[in-house]
Amino acid sequence: MYFKELVSLFDELCAYSSRLKKAEIIAGFLTGASEDDIEIVCTFLTGRIFPAWDTRDIGVAGKTLVKVIANISGKSSGEVVESYRDTGHLGITAERFLGKKVAMSLAAFEEPLTVADLYRCFEELAAATGKGSAQKKQRMLSSLLSRATPREAYYVVSLATRNLLTGSKEGVTEDAIAQSFSVPADAVRRAWMLANDIGLVARIAKTQGLPGLQALNIEPMRPVRPMLAQNVAGATEALDVIGGRAAFETKYDGARIQVHKSGPKIKLFSRKMEDLTEALPDIRAAVNESVRADSLILDCEAIAVDKGTGKVIPFQNVLNRIRRKYRVRELSDQIPMQLRPFDILYLDGESLVDRPFVERRALLEKTVVPVDKRCTPSEFKILDDSEAVAAFFRQSIDAGNEGLMAKNLDADYSPGIRGRNMVKLKETLESLDLVVIAAEYGHGRKAGWITSYELAARDEDNEQWVPVGRVSSGVSDEQLRALTEQIKPLIIGEHGRMVDLEPQIVLEVKFNEIQKSPNYASGFALRFPRIVRIRDDKGPDDAETLERIDALYRLQFKLREPTPT
DNA sequence: GTGGTGCGTATCC
DNA sequence: ATCCGACTAATTCGG
DNA sequence: CCGAATTAGTCGGATGGATACGCACCAC
């Protein structure tokens, strides 16, 4: 299949906003495609280059592509970035800058790019490592883009930056596969959750139909898509959503870990199916000691604890451990981690994903028999009273955790779905009024607007503004437009996509936690910042002080000591 | 060459 | 992670 | 009772912070 055929499909998808229409278009397209092409096309359609379980990555993103585009168009990087600021999409910039070169490059390469060619290029990019590889990748991209037509270049860059904006991803592609090969959407979804590979699912749907999809089964050592949860505002709403009575569990502030055991072998996978086994020997050992089963799959949270006190320590410590390749032993001594299994998906040859949650929980408790706190099932209570829920919530927060999870006792394990069978309850903190001292232009749909704001607090010691992070989400498009207009006259400097501003605009910002920051001059940053409202009624003099933020930071640790490394 | 530092990228939340 | 916007599915409203 | 209006649920997209790793580059 020629890449230009896929380009036409992408273009057609962009022309409609209806997801149903997009699915229909994709379905038609897949019908005529070969088995091999379908696999690549479906993966590309979801905006990915490789399947989710495939840990390869191309090691190329915006900065590299800016250089490459500059290189082949004969412009400077500065000019490319300037265009990028206006277009909000590197692909569009590539399309524009390469437009003039097209006649020449097409003459040089008569044979147009195929989908398989492109995939092979991505594979080669992923394979390039070692000294000189960065240069090599740039050369490879240059030759790839020179072979492409401008419109093809747009999509090559879109794929390479994982920013394919066709308004269709997994959800739509899933429907399209079902439609195209006349299999139920549920079967496609199930197969996708198990295989983690939409391309493979499409291939099986085409070649083997429904029986092929049904033959896929959950099995240890092959990660499945984790079930996700939606946020809920309070104890009452949590009970409401689930239906009056629910299972409540401590929500730990760690990393999601899927434990797979098959005989003596144990593997650990992250939420995105990265293999974390080598980085977490302590977790592996704890599982080994606490699990009474020959084979199983556990859904867990892994937390970091203080070596001395055994108390939960901040999430940043988890990041020191996870995905580590070097000094693993040293760090695992310094920052021990513990496992909190909360679900079991497979046990001794049997899939449990279709069983009700209560049953799974019972099996979990029977199977995970803690020898100490290193591997012990999550705290668990069945409650139907909002007072009791609130008390449990308080207890969780006070112990340094994130809050609670609430789960429907009768629900099966439905991966990838943020439904009403599982919700999360987190703490809502007070908000802060902070001053915008710099900002950045937006991307994609928000191109041309100034959409990301650097926030500062007042340092009363020397009357300076000290940055405490950035914020973007929380405002409507309309407010974004207004803010852009408000900001433009305040611009006092420009570099690349960033602008420096006269400190004047005050934003009320909500967040979940104050973190120690190595990146911001204040030494602090907000975790999960979002805008509550634009304080037109306030001026920079009304902004929070650094001292206050410092105090708030310390307040968080009334009950636990931070030990960042 | 070796070691430190900075940049870019990817992935945890 | 958070949040918004658009679309779609489910439910309620009004004649 | 049915179609219109309203509400609820999903998906896609745009954005936040920290950290580890791999590579480039510079100082010695």
Side-chain angles (χ1 to χ4, degrees), chain A residues 16-22 46-47 55-67 88 128-137 161-175 228 230-231 241 252-257 270-274 276 279 301-302 314-328 331 402 416-420 424 426 440 442-447 449 451-455 468-480 509-520 524-532 564-565:
Chain A
Y16 299 91
S17 55
S18 159
R19 288 199 291 265
L20 295 174
K21 182 73 181 170
K22 288 177 204 275
T46 64
T55 54
R56 283 180 297 176
D57 53 65
I58 61 171
V60 166
K63 295 287 160 71
T64 305
L65 282 161
V66 165
K67 284 188 209 162
T129 56
K131 196 163 154 48
S133 62
Q135 273 299 313
K136 190 176 165 195
K137 285 183 186 194
T161 54
R162 270 68 99 230
N163 193 23
L164 182 76
L165 304 176
T166 54
S168 63
K169 286 169 90 171
E170 282 93 346
V172 174
T173 307
E174 189 185 296
D175 284 351
L228 305 172
Q230 239 159 22
N231 263 324
V241 169
Y252 301 94
D253 189 11
R256 188 85 173 259
I257 304 278
S270 74
R271 182 176 149 176
K272 277 189 151 176
M273 287 135 240
E274 294 290 308
L276 305 181
E301 195 76 9
F315 176 73
Q316 268 150 301
N317 295 279
V318 174
L319 291 177
N320 292 141
R321 290 291 318 277
I322 231 158
R323 302 175 61 226
R324 173 170 287 281
K325 284 171 80 170
Y326 307 104
R327 301 197 301 145
V328 168
L331 266 288
E402 259 198 312
I417 300 175
R418 284 183 201 271
R420 54 252 108 26
K424 49 187 172 180
K426 297 171 83 165
E440 187 171 357
H443 301 83
R445 199 170 57 83
K446 298 184 178 178
W449 299 346
T451 56
S452 172
Y453 313 109
E454 185 165 331
L455 304 165
V468 295
R470 304 171 71 165
V471 69
S472 179
S473 79
V475 282
S476 66
D477 284 8
E478 199 184 329
Q479 288 175 302
L480 235 33
V509 174
K510 197 164 70 160
F511 55 92
N512 284 40
E513 192 177 74
I514 295 173
Q515 300 171 283
K516 266 236 147 71
S517 171
N519 296 321
Y520 289 101
F524 298 109
L526 310 179
R527 178 137 87 135
F528 309 142
R530 56 266 199 199
I531 298 166
V532 183
T565 53

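Numbers restart at 1 for each chain; the letters A, B, ... are given by sequence-line order, proteins then strands. Note that the structure is a prediction, hence the values are computed from the model and not measured.
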Among [options], find the nucleotide with the atom closest to the side chain of [X].
X	options	answer
A/Leu165	D/dA14, D/dT19, D/dG17	D/dA14
A/Lys424	D/dG16, D/dG17, C/dT2	C/dT2
A/Lys426	C/dC3, C/dT2, D/dA14	C/dT2
A/Ile58	B/dA10, B/dT9, C/dA9	B/dA10
A/Asn320	D/dA18, D/dT15, D/dA20	D/dA20
A/Ala134	D/dA24, B/dC13, D/dA18	D/dA24
A/Pro518	D/dA14, D/dC21, D/dA18	D/dA18
A/Arg420	D/dT10, D/dA18, B/dC13	D/dT10
A/Arg19	D/dG9, D/dC23, D/dG17	D/dG9
A/Gln515	D/dA14, D/dG17, D/dG12	D/dG17

Next on the checklist: Could you measure the distance from the NZ atom of A/Lys516 to the CZ atom of A/Phe524? Nearest 0.5 Å is fine.
Outcome noted: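 If I round to the nearest 0.5 Å, the distance is 6.0 Å.
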
Checklist entry - Between A/Leu20 and A/Lys446, which is nearer to the 5' end of DNA chain C once each is assigned its nearest nucleotide? => result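 It is A/Lys446 whose nearest nucleotide is closer to the 5' end.
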
Next on the checklist: Assuming nearest nucleotide by heavy-atom distance, tell me which of A/Arg445 and A/Asn231 is located more 5' along DNA chain C.
Outcome noted: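 Result of the comparison: A/Asn231.
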
Within the 4.0 Å heavy-atom criterion, would you say [X] contacts the bases, only the backbone, or no part of the nucleic acid?
X	answer
A/Gly47	nothing
A/Ser473	base
A/Asn512	nothing
A/Val475	sugar-phosphate
A/Arg162	sugar-phosphate

Item to check | Residues A/Asp477 and A/Arg445 bridged, charged N to O under 4.0 Å | outcome: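 Salt bridge flag = yes for A/Arg445 with A/Asp477.
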
Checklist entry - Charged N to carboxylate O under 4.0 angstrom, A/Lys424 versus A/Glu402? => result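 Judged by the 4.0 Å cut-off on N to carboxylate O distance, A/Lys424 and A/Glu402 do not form a salt bridge.
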
Checklist entry - Considering all heavy atoms of both residues, which atom of A/Ala447 and which atom of A/Gly88 are nearest to each other, and what is their separation? => result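 Closest pair (atom of A/Ala447, atom of A/Gly88, distance): CB-CA, 3.7 Å.
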
Rounded distance (Å) that lies between atom [atom2] of [N] and atom [atom1] of [X]:
X	N	atom1	atom2	value
A/Leu480	D/dG16	CG	P	12 Å
A/Phe528	D/dT15	CZ	C1'	13 Å
A/Lys272	B/dT11	NZ	C1'	6 Å
A/Leu164	D/dG13	CG	C1'	12 Å

Next on the checklist: Within a 6.0 Å radius of atom NZ on A/Lys426, are there more than 12 heavy atoms belonging to other residues, nucleotides or ligands?
Outcome noted: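 Buried by this count: over 12 neighbours within 6.0 Å.
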
Checklist entry - Backbone N or O of A/Thr451 within a donor-acceptor pair of the A/Ser472 side chain at under 3.5 Å? => result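 Confirmed, A/Ser472 side chain pairs with A/Thr451 backbone.
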
